[in-house]
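Written below as structure tokens is the structure these notes are about.
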Amino acid sequence: MSPRGEAVNVQGARDRLTRFAWPGPLVSTLDRLAAGGHQAWLVGGTVRDVLLGRTPGGAFDVATDLAPERVIERFARVEPIGLVHGTVLVLEDGLEIECTTFRREAAYRDARHPDSVEFTRDLDEDLARRDLTVNAMAFDPRSGDWRDPYHGLADLEAGVLRAVGDPLARFREDGLRPLRVARFTATLEMEAEPETRAALAGARDRSALVAPERVRGELERLLGAREPSRGFELLHEAGLLDLWLPELEAAFGVPQNRFHAYDVYTHSLRTCDAAPADKPRVRWAALLHDLGKPATRVVRDGDGTFYGHENVGAELADARLAALRLPNDERNAIVHLVRHHMFDYRSTWSDAALRRWLRRVTLDAVADLFDLRLADVVGNGTRFGFPHQLEEMRMRIEALLAADHALSVADLAIDGADVMRFLRIGPGPRVGEALSALLEDVLDHPEWNERATLLERLAERRANAPEAPPTP
């Protein structure tokens, strides 16, 4: 029994860890670190994930009493990613192994890093500085030794997230930790115990100091969970969501209309849950797709309407993702999905109209837009099943693509050089205008996309163009 009264199967945990197929280069790294009477343990998420039946992702976590400078001496390929705080990344046969020297820490005045660290040879002291009990377990796969001074195994088996020591002190040390708790709530599908949950709000001022890049990293991991809503709901409950996603917090309690079962906030979370977990762009877009609704809500005949919310939402999403320092290509792709998520296909669309829609949204975004629309339907809460109009649209798009019709200027049978040569003009906006006009013709008449026909269209354009004023 643990001191909290839970029955704990320590031998079962040891057996599970011992049976796990630890990579050979990882074990040999532990051997090299431990040579000369030193210690080397697997810790943190590496141990926790195996106990949960998961394959550890990313770098393996190792703690050692060997000083970081001595770690560097023992390996050919290392990156001193946090040398002042005792962390060295060892690169061994394709593995990333994050080695951190046992340490005790001073205060965190910047809410990110301890002001100073003191290296120690005591593993338990090192585990005491960690955020949650489920991350404060250690295992040595060579000897089978197991350390769990804060009863993380009991909490893991109970599905409980509990801070190591005083939760408020833990969260005020590093302002990112409340967001990590939210992330683990969703990714591990566990619940924060009451004291840990209650302490989250007390770190708000510290959490406000965390760098956007660190916040983005945690949010991206949270969005990879089966149900990200669990984490976002915890942040909302703790009064922290508005620190990082104020536009989403502003959607809380905003009513929609008779076609929706939920307010804008809940609908956004349910849509996010329904989006494919392996498509981060779609997950982001699903979370942010209705940010424009609070600002555009108008009540007509007793019902809410949100005209133009997709464009307002795209601008809000763009600003929020920029503040979180998402790379430009990712940000632009997500904003594009938000801007175009309201496409309203009808069977009456002509082929030309469908080709124009494909040109506008781009072929690269079509699959993601379909995924977003399907998630939006699920998140609506009033409709079920695959929308028949989307299936019809998909089939028509496949037929159009099979016909290999031009959908962009690059697909035309002539290019800018042809335009300049034929119209006897130099580089400039007139070239793009001519190509765009030809594409409009071809979207209506795909059979015109032949060199001779397009040159004829250029000739007509030249003949009908107003005469340019004489050069002074």
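Just so you know, residue 1 is the first one in the sequence shown, and it goes up from there.
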H151 and D148 side chains, donor-acceptor separation under 3.5 Å: no
T87 side chain to L83 backbone, donor-acceptor under 3.5 Å: no
Worked verdict on L17 versus V47 for side-chain contact (heavy atoms from CB on, under 4.5 Å): CA-CA 8 Å; L17 291 165; V47 175; 4.1 Å; yes
Check: R394 and V366 side chains under 4.5 Å, non-hydrogen atoms: no
Sidechain-backbone polar pair: T120 side chain, R103 backbone, donor-acceptor under 3.5 Å: no
Expected output: side-chain T196 to main-chain A192 donor-acceptor under 3.5 Å: no
E310 and R339 ion-paired at < 4.0 Å: no
For A238 against L200, the heavy-atom pair lying closest together: CB-CB, 3.8 Å
Ion pair E220/R216, N-O distance below 4.0 Å: yes
Value rounded to 0.5 Å, distance of CE in M393 from CG in L369: 8.5 Å
Chi angles and distances behind the side-chain contact (heavy atoms from CB on, under 4.5 Å) call for I397, F370: CA-CA 12 Å; I397 288 173; F370 267 59; 4.2 Å; yes
Verdict with supporting geometry, H289 and H267, ring pair (Phe, Tyr, Trp, His ring centres under 6.0 Å): CA-CA 10 Å; H289 77 289; H267 166 69; 5.1 Å; yes
Exercise: identify the closest heavy-atom pair between R74 and L33: NH1-O, 3.3 Å
4.5 Å side-chain heavy-atom contact, L390 and V377: no
Euclidean distance, M137 CE relative to T46 OG1, rounded to 0.5 Å: 11.0 Å
Closest heavy-atom pair and its distance - A277, A225: CB-O, 4.3 Å
Ring-ring centroid check F139 W41, cutoff 6.0 Å: no
Polar contact flag, side-chain donor to acceptor under 3.5 angstrom, D364-T362: no
Residues D126 and R130 bridged, charged N to O under 4.0 Å: yes
Beyond-backbone contact of L288 with L321, side-chain heavy atoms, under 4.5 angstrom: yes
Lys/Arg-Asp/Glu bridge criterion (N-O < 4.0 Å) met for D65, R121: yes
Any side-chain heavy-atom pair of D303 and V299 under 4.5 Å: no
Cation over ring face, R270 and Y262, 6.0 Å, 45°: yes
T187 vs L222 side-chain heavy atoms within contact, under 4.5 Å: no
Q256 CD to Y265 OH distance, which is reported to the nearest 0.5 Å: 14.0 Å
Residue pairs fulfilling salt bridge (charged side-chain N to carboxylate O under 4.0 Å, His left out) with at least one residue in residues 27-37, sequence neighbours excluded: D31-R142, R32-E92
Residues D205, R172: salt bridge by 4.0 Å N-O rule: yes
Straight-line distance of H309 NE2 to N311 CG, nearest 0.5 Å: 9.5 Å
salt_bridge(R129, E173) N-O dist < 4.0 Å: no
Side chain to side chain, L240 and L179, heavy atoms closer than 4.5 Å: no
Under 3.5 Å: donor-acceptor pair, side chain of R359, backbone of L407: no
Working for side-chain contact (heavy atoms from CB on, under 4.5 Å), residues F184 and V134: CA-CA 10 Å; F184 288 133; V134 296; over 6 Å; no
For the student: nearest non-hydrogen atoms of V338 and G313, plus distance: CG1-C, 3.8 Å
Carboxylate-amine/guanidinium proximity below 4.0 Å for R162 and D155: yes
Donor-acceptor contact below 3.5 Å, side chain T305 vs main chain V298: yes
Flag, side chain of E193 to backbone of E195, donor-acceptor distance under 3.5 Å: yes
Any E191 side-chain heavy atom under 4.5 Å of L234 side chain: no
Residues Q11 and D15: side-chain donor-acceptor under 3.5 angstrom: yes
Short side-chain to backbone donor-acceptor contact, T64 and Q39, under 3.5 Å: yes
Flag, side chain of D140 to backbone of D145, donor-acceptor distance under 3.5 Å: no
Flag, side chain of N380 to backbone of D376, donor-acceptor distance under 3.5 Å: no
Interatomic spacing from CG in L287 to CG in D273 - rounded to 0.5 Å: 9.5 Å
H336 ring center within less than 6.0 Å of H341 ring center: no
Criterion side-chain contact (heavy atoms from CB on, under 4.5 Å) on L95 and F60, from CA distance to verdict: CA-CA 8 Å; L95 296 186; F60 288 93; 3.9 Å; yes
Closest non-hydrogen atom pair, V164 against A136: CG2-CB, 4.0 Å
R183 side-chain N/O to R221 backbone N/O, donor-acceptor pair under 3.5 Å: no
Sequence neighbours excluded - salt bridge (charged side-chain N to carboxylate O under 4.0 Å, His left out) pairs with any residue from residues 275-290: K279-D368, K279-D371, R281-E330, D290-K293
Distance (rounded to the nearest 0.5 Å) between F75 CZ and L89 CG: 11.0 Å
Minimum heavy-atom distance A138-L127, with the two atoms named: CB-CD1, 4.4 Å
Flag side-chain contact, heavy atom, 4.5 Å: F232 against S268: no
